[in-house]
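What follows is a single structure, written as structure tokens, with notes after it.
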Amino acid sequence: MKDYKRYLITSALPYANGPVHLGHLAGVYVPADIYVRYLRQRGRDVLFICGSDEHGVPITIKARKEGITPQDVVDRYHTLNKKAFADFGITFDIYSRTSNKVHHQTASEFFETLYDKGEFIEKTSKQYYDTEAKQFLADRYITGTCPKCHKEGAYGDQCEACGTSLNATDLINPKSALSGSVPELRDTLHWFLPLDKYEPWLKQWILEENKHWKSNVYGQCKSWIDAGLQPRAVSRDLDWGIPIPKRIKGSDGKVLYVWFDAPIGYISATKELTPDWEKYWKSDDTRLIHFIGKDNIVFHCIIFPAMLKAEGSYILPENIPANEFLNLEGDKISTSRNWAVWLHEYLEDFPGKQDVLRYVLCANAPEAKDNDFTWKDFQARNNNELVAILGNFVNRALVLTQKNCNGKVPAPGALNDFDKQTIAEMPKIKDQIESSLENFRLREALKFAMDFARLGNKYLADTEPWKLIKTVPERVNTILNISLQITANLSAIIESFLPDTAAKIRKMLNIDAITWENAYKTDNLKAGHQLGEPALLFDKIEDSQIEFQVEKLQKTKTANQALCAPVEPQKPNISFDDFSKMDIRVGTILAAEKVAKTQKLVKLTIDTGIDKRTVVSGIAEYYEPEKIIGQQVCILVNLEPRKIKGIDSQGMILMAEDANGKLCFAAPIDKTGNGSGVK
RNA sequence: GGCGAGGUAGCUCAGAUGGUUAGAGCGCAUGAUUCAUAAUCAUGAGGUCGAGAGUUCAAUUCUCUCUCUCGCUACCA
């Protein structure tokens, strides 16, 4: 690898509309912090950058819902999250925020530079405008009837009832969520970053020059690039965000799209931290690494690099070790469903146990695939690994010294072969950890770190000083000296993974931090050195504590089920006339085949009694085509025909849909004649 | 449907430009031990490496088909 002079490490800016949970910690912040602490231990020049991402529509929506300002929202979560990170020992050099002045300036300048270089495309498009509120409406601010499932209350970007992603212009009866008025379509000007223009360069840079990226990252990028990149709007009509610079024509009422300003936040935060920021962002001998979750791959691997490339004066990331997701007790973590373990709640239930969570999350980090966090596993790792192996070894070494040497480091005598062999293991383990960490294999590194404690336990078990004390007491001095040297080195070895624990060990040994380079030596503790008071590093976690957590989640689940299965309220009354406009008939399915290249569509031929016609229906997930032939169904025959996937669909099959979106035929119970009217 | 990632011991994961008995941790069993939070140490059991076919002297590792999980994407009156 290239000889880098300094490191710039960023971790994804958490979005300031909610608290951080253990998934964030496991995927992004714990790995980043471990890596950074390790680099610092080795004396490398490193900056660790993070901050709150505070713009964008969801924040304005949350503010409206609660009747407060967007600034109030971001202030709340910025403070909360900043504290949570600090509590878990995540040692950012700066935890900034994108509502800062420095960031506003930096991001506007960045935009201006690209604008002046002619890197943007200007495009006018039609967007909904609320004439009462006098503003353009973000997709989320438009509600209406879902064109797919016909439920009301769908948003302009997505229908939460059926999960379909939508365009605002597809909504039936759109309404402004701001004023309730009917919005009108108006022209609006926006700037686009032509990602397609960077396609050849991205191909070369990622697919050829960055083959060392993790396979999940590399593959995802390849997938995006191969699919073809589209120009992406960098501005929005919104009043919360960074205004497009005034001198630019048409900038009125427009802000930078949050995806554009957020990654620039890494730069602004660095600027805020040090006047030397350009050394980190603009020298080839800086190694820039982004720690992110898999949801952020496209932004950090494709879009942000394209922005930096377009700007021209910045370096590009050398690696982006994105992690996958952490599930919780078998289900996807979800903020909106409250299916999460919030960091501040964890600390209330397990005070002082941040290292335990760091350990469990690192040991089970979703490095290659989604992983599952269970409280049972949490308990097992605490009790069987931290308590039994690590805590126990340190305790044994210290208590033995206390009993036999009055808490003073004894002078070693001559070393025998087993002593030498044990001592020789330390540099080996240290090397293994280095190699794992340099390659972002943190769970492997942690496993090696635990080997250090195992080495100590084995050494004690094999030398049996508690027996020798009666027969060859001078030999015990050597054994305890070596055991204590292992303990001292162990404190440095686990420092990056378990910082609090490392500090506790140092305190018990009454020593200062040992550098990484010295973390294998046998003279870090001098003979005669007075040790501090021994104490237990970890406590056992009882079944009752785990049951409490599991019950807590179970309650969430129950609450969600009650919440998630509401029966749709009755629609407004209609006249009989309205009803009788619908011509619903009974028909028989004559033929059915899956529409090629679709997941849900089945092409049906129906004998309606009137004629034999083709209908395309989205039922493939629930019915196998060959099994429904001959079945009678109800069909709305006078629905406007529509082309679906190139097939003319003449009518619509009536289906009953439950709260989970599962479909079943609504059809006559008894066999009846084709063409029978349904009234 | 397309694309990407993953499917290896009860659990969580490593692994190999194809080559003798496929690895680790936890769990389990047996033995040793008692300084230590009944912790530790040793030994062992346990896998047709998602399924099938092909290439090969030889495949878990390469190719193809299929299947399951996750993600992106298209379609869903």
Side-chain angles (χ1 to χ4, degrees), chain A residues 147-150 162-165 214-227 294-295 297-298 324-325 327 332 360 363-374 376-377 380-381 383-404 436 441 443-444 446-448 450-451 453-454 456-469 476 479-480 483 534 536-540 594-602 615-621 635-636 639-647 649-655 661 663:
Chain A
K148 187 220 160 195
C149 69
H150 283 247
C162 64
T164 312
S165 59
K214 287 175 60 177
S215 64
N216 59 332
V217 176
Y218 184 91
Q220 186 68 61
C221 290
K222 184 167 160 38
S223 174
W224 276 85
I225 293 171
D226 288 349
K294 69 172 168 184
D295 52 330
I297 289 175
V298 65
E324 302 283 299
F325 283 160
N327 293 330
K332 214 167 288 183
V360 174
N364 193 25
E367 285 179 357
K369 57 173 189 181
D370 290 0
N371 277 346
D372 199 21
F373 174 94
T374 64
K376 205 164 159 272
D377 180 63
R381 287 191 186 276
N383 294 356
N384 303 331
E385 298 176 33
L386 289 177
V387 172
I389 295 169
L390 206 171
N392 188 221
F393 166 65
V394 173
N395 190 236
R396 295 171 85 185
L398 287 166
V399 168
L400 281 168
T401 308
Q402 201 76 359
K403 281 188 183 167
N404 299 308
S436 298
R441 292 200 294 260
R443 39 192 302 164
E444 185 182 77
L446 179 61
K447 206 201 85 194
F448 286 138
M450 289 301 283
D451 283 345
R454 288 177 214 280
N457 276 321
K458 183 170 169 51
Y459 182 69
L460 284 178
D462 289 358
T463 53
E464 299 183 307
W466 49 90
K467 279 186 182 166
L468 294 178
I469 194 71
V476 172
I479 294 169
L480 288 185
S483 301
L536 295 178
L537 288 174
F538 303 99
D539 307 311
K540 284 209 162 195
K594 241 190 124 195
V595 180
K597 299 185 180 180
T598 70
Q599 189 183 333
K600 300 183 182 175
L601 299 188
V602 177
V615 176
V616 175
S617 189
I619 58 173
E621 287 174 305
I635 168 172
L636 179 63
L639 185 71
E640 198 85 28
R642 184 173 150 154
K643 249 196 178 158
I644 299 163
K645 275 275 161 185
I647 302 164
S649 179
Q650 303 162 297
M652 167 172 148
I653 308 294
L654 267 44
M655 308 294 299
L663 299 175

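What you are looking at is a predicted structure, and each value in this text was computed from that prediction instead of being measured. Lettering follows sequence order; numbering is per chain, from 1.
- One P atom belongs to B:U61, the other to B:U48, and the distance between them is 15 Å to the nearest Å.
- For A:R441 and B:A24, the shortest distance from a side-chain N or O to OP1 or OP2 is not below 4.0 Å.
- Both A:G618 and A:A363 lie near RNA chain B, and the one whose nearest nucleotide falls closer to the 5' end is A:A363.
- In this structure, B:A38 makes no Watson-Crick or G-U wobble pair, since no nucleotide meets both defining distances under 3.5 angstrom.
- Across all strands shown, A:D226 has no heavy atoms under 4.0 Å from either base or sugar-phosphate atoms.
- Between B:U8 and B:U69, the distance separating the two C1' atoms is 16 Å to the nearest Å.
- Between A:K403 and B:A36 there is a side-chain polar atom (N or O) within less than 4.0 angstrom of OP1 or OP2.
- Pairing of B:C3, defined by two Watson-Crick or G-U wobble distances under 3.5 Å, is identified with B:G71.
- Under the 4.0 Å criterion applied to side-chain N and carboxylate O atoms, A:D377 and A:R381 are assigned as salt-bridge partners.
- With both ends at atom C1', the span from B:G15 to B:U30 equals 30 Å, rounded to whole Å.
- Using C1' as the reference atom, B:G10 and B:G47 are 11 Å apart when rounded to the nearest Å.
- The partner of B:A29 is B:U43, judged by Watson-Crick or G-U wobble contacts that both fall below 3.5 Å.
- One interatomic measurement links the two molecules: CG of A:N457 to P of B:U40, which rounds to 7 Å at whole-angstrom precision.
- If you check B:U40, B:A14, B:C76 against the side chain of A:A368, the one that comes closest is B:A14.
- One atom, NZ of A:K214, and another, P of B:G4, lie 18 Å apart when rounded to the nearest Å.
- Base pairing annotation: B:A24 forms a Watson-Crick or G-U wobble pair with B:U12, both donor-acceptor distances under 3.5 Å.
- No engagement by A:L636 is indicated, since no non-hydrogen atom pair under 4.0 Å with the nucleic acid exists.
- Contact between the side-chain N/O atoms of A:S215 and the OP1/OP2 oxygens of B:G6 is found at a separation under 4.0 Å.
- Between the C1' atom of B:U40 and the CD1 atom of A:I389 lies a distance of 9 Å, rounded to the nearest Å.
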**Request:** Take A:R396 and A:N457 through the test side chain to side chain contact (heavy atoms under 4.5 Å, CB included) and record every step on the way to the result.
**Result:** CA-CA 9 Å; A:R396 295 171 85 185; A:N457 276 321; 2.9 Å; yes
**Request:** Under the salt bridge (charged side-chain N to carboxylate O under 4.0 Å, His left out) rule, what do A:D462 and A:K458 come out as? Steps first, then yes or no, please.
**Result:** CA-CA 6 Å; A:D462 289 358; A:K458 183 170 169 51; 3.1 Å; yes
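- Across every non-hydrogen atom of A:I297 and A:N216, the tightest pair is CD1-O, 4.3 Å.
- Distance A:N392 CG to B:C41 C1': 12 Å, rounded to the nearest Å.
- The residue among A:A461 and A:F538 whose nearest nucleotide of RNA chain B lies closer to the 5′ end is A:F538.
- Atom C1' of nucleotide B:U12 and atom CG of A:N384 are separated by 13 Å, given to the nearest angstrom.
- Proximity of a side-chain donor or acceptor of A:D370 to a complementary backbone N or O of A:F325 within less than 3.5 Å is detected.
- B:A53: Watson-Crick or G-U partner is B:U63, with both key distances under 3.5 Å.
- Within the 4.0 Å cut-off from OP1 or OP2 of B:A42, at least one side-chain nitrogen or oxygen of A:K458 is found.
- Rounded to whole Å, atom C1' of B:C35 lies 14 Å from atom OH of A:Y459.
- B:C41 atom C1' lies 8 Å from atom CZ of A:R396, rounded to whole Å.
- Using P as the reference atom, B:G52 and B:A38 are 49 Å apart when rounded to the nearest Å.
- The side-chain heavy atoms of A:R642 and A:Q650, taken from C-beta on, include no pair separated by under 4.5 Å.
- Across B:C66 and B:A58, the matching P atoms stand 26 Å from one another, rounded to whole Å.
- To the nearest whole angstrom, the two P atoms, one in B:A14 and one in B:G7, are 7 Å apart.
- Candidate nucleotides B:A39, B:C70, B:U33 were compared by shortest atom distance to the side chain of A:D370, and B:C70 ranks first.
- Distance from the side chain of A:I644 is smallest to B:C75 among B:U34, B:U40, B:C75.
- At the heavy-atom level, A:L537 lies under 4.0 Å from base atoms of the strands shown.
- Between A:R443 and the phosphate of B:G25, there is no side-chain N or O to OP1/OP2 separation shorter than 4.0 Å.
- The residue A:A227 sits apart from the nucleic acid: no heavy atom pair falls under 4.0 Å.
- Within 4.0 Å of A:E385, counting heavy atoms only, lie sugar-phosphate atoms of the nucleic acid but no base atom.
- Atom CD in A:E367 sits about 10 Å away from atom P in B:G15, given to the nearest Å.
- Of the listed nucleotides (B:C26, B:C76, B:C35), B:C76 has the atom at the smallest distance from the side chain of A:L601.
- Each of B:U33, B:U37, B:G25 was ranked by its minimum atom distance to the side chain of A:K447; first place goes to B:G25.
- With B:C35, B:G4, B:U40 as the choices, the nucleotide that has an atom nearest any side-chain atom of A:S223 turns out to be B:G4.
- Contact between the side-chain N/O atoms of A:K369 and the OP1/OP2 oxygens of B:U12 is not found at any separation under 4.0 Å.
- In the set B:C35, B:C26, B:U37, the nucleotide with an atom closest to the side chain of A:K540 is B:U37.
- Residue contacts for A:D462: at a heavy-atom cut-off of 4.0 Å it reaches the sugar-phosphate backbone alone, with no base atom in range.
- For the C1' atoms, the distance linking B:C3 with B:G19 amounts to 35 Å, nearest Å.
- Between the A:N395 side chain and the A:G391 main chain, no donor and acceptor come within less than 3.5 Å of each other.
- A donor-acceptor pair under 3.5 Å links the side-chain atoms of A:S649 to the main chain of A:V616, judged by distance alone.
- A salt bridge links A:K294 with A:E324; the closest basic N to acidic carboxylate O contact falls under 4.0 Å.
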